Asks: 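Handing you this structure, nothing more for now.
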Number of protein chains: 2
Amino acid sequence: MNLKERAEILLKEKGLRCTEVRLLILEEFLKRNKPLSIQDFKKKKAFKNWDESSTYRNFTKLESSGLIRAIPSNSEFQHYESTLETHHHHHHHITCRKCKAIQCLNDCSVEEQLAKMANKVGFSVEGHTLELYGLCADCRKK
Amino acid sequence: MNLKERAEILLKEKGLRCTEVRLLILEEFLKRNKPLSIQDFKKKKAFKNWDESSTYRNFTKLESSGLIRAIPSNSEFQHYESTLETHHHHHHHITCRKCKAIQCLNDCSVEEQLAKMANKVGFSVEGHTLELYGLCADCRKK
DNA sequence: GTTTATGCAAACTGTTTGCACGATC
DNA sequence: GATCGTGCAAACAGTTTGCATAAAC
């Protein structure tokens, strides 16, 4: 089953109509498997064919139907991610300061610590954004 | 020494002119001792007397002179905090998902964990950005 | 008197909305 | 054929900029 077919099924399950823009957006989320902003889509040439307002309305629609969710982000722009099973795995990235390589960290083992830190000031934690930077093995050798 | 006097000294140290808006902004940061956005200032009636462009330009100026710093934030709006002694140690912030209040966390106790996570994939860590979100005590009650 | 900040108006970006037309079911 | 999505234009909010005037030093 290809991406387009998967996207069609997802839309139908939610009782949403299968329009071309909507399919493209959903396919992109399935394919990229990472948080994306509306800006990321606007940059893509495929999206030059549609009016921006359509894209905005579709993001709203996909979010309210539960296919994507808005996630807090340090970015200037609102980011969204797919809500599918395979996308649930929580992880972070580390970027090499020198060569700019990005590596996925397999696990996130700081949640307990964060909960403690937040509880001290009366907050409960629902989530976090975390990005690391440093040096990769290769660049450290040089 | 009151807030206004402290603010005047800070500005002079940086070679900045002491104008009324600038003093008010800096005093507010000294007084509140937490991240503030330009929106927070616009709301205040004292700031209704000045043109918004002045406020924006002053934030830029105060930042480039190092008296305040822009901090990553999950909020829609850019937040800044004072760079004074009390703010120098490494710390993070948590944003309330409902009321958007931002609170400083006193310490950062995840560095060891992060180093371990990164070492597993061959990286050494030089730094990180971390922002939390959740619910503040007040919003949790409701 | 020189330098820098301000007010005002205009421009600019990202986003939202109203409405007529077109596509989907 | 009824419903819903789209393009287009206009409106909107937050921010930035140009320029003449005013304030700080």
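Chain A is the first sequence line, chain B the second, and so forth, proteins listed ahead of strands; every chain is numbered from 1. All figures in this text were calculated on a predicted structure; none of them were measured in a lab.
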Asks: Considering residues at least two apart in sequence or located in another chain, which fulfil the side chain to side chain contact (heavy atoms under 4.5 Å, CB included) criterion with B:Lys4?
Replies: B:Asn2, B:Glu8, B:Leu23, B:Glu27

Asks: Compute the bend angle of the helix from C:dG1-D:dC25 to C:dC25-D:dG1 from the end axes (five pairs per end), rounded to 10°.
Replies: 30°

Asks: Going 5' to 3' through nucleotides 3-8 of chain D, assign each nucleotide B (protein heavy atom under 4.0 Å from a base atom), S (under 4.0 Å only from sugar-phosphate atoms) or - (no protein heavy atom that close).
Replies: BBSBBB

Asks: Report the residues that fulfil salt bridge (charged side-chain N to carboxylate O under 4.0 Å, His left out) with A:Lys120, sequence neighbours left out, ordered by chain and then residue number.
Replies: B:Asp107

Asks: Between B:Cys18 and B:Gln39, just flag the one whose closest nucleotide in DNA chain D comes earlier from the 5' side.
Replies: B:Gln39

Asks: For B:Phe59, check ring pair (Phe, Tyr, Trp, His ring centres under 6.0 Å) against everything at least two apart and list the hits.
Replies: B:Phe29, B:Phe41, B:Tyr80

Asks: Residues in salt bridge (charged side-chain N to carboxylate O under 4.0 Å, His left out) with A:Glu20, at least two apart?
Replies: none

Asks: For chain A and DNA chain C, what are the first and last nucleotides along the strand, 5' to 3', with at least one atom under 4.0 angstrom from a heavy atom of the protein chain?
Replies: C:dG14 to C:dC25

Asks: Is the closest side-chain donor-acceptor distance between B:Thr55 and B:Asn58 under 3.5 Å?
Replies: no

Asks: For B:Ser53, which residues count as a side chain to side chain donor-acceptor pair (under 3.5 Å) partner, sequence neighbours excluded?
Replies: B:Asp51, B:Arg57

Asks: B:Leu10: what forms a side chain to side chain contact (heavy atoms under 4.5 Å, CB included) with it, not counting sequence neighbours?
Replies: B:Glu13, B:Leu26, B:Leu30, B:Leu67, B:Leu84

Asks: Kindly write out the residues that satisfy side chain to side chain donor-acceptor pair (under 3.5 Å) with B:Glu111, not counting sequence neighbours, or none if the list is empty.
Replies: none

Asks: Holding to side chain to side chain contact (heavy atoms under 4.5 Å, CB included), I want the full list of residues that pass it with A:Lys42, two or more places apart in sequence or in another chain.
Replies: A:Ile38, A:Gln39, A:Glu52, A:Tyr56

Asks: Would you please name every residue forming a salt bridge (charged side-chain N to carboxylate O under 4.0 Å, His left out) with B:Glu5, sequence neighbours left out?
Replies: none

Asks: Atom NZ of B:Lys43 to atom P of D:dA13: distance rounded to whole Å?
Replies: 16 Å

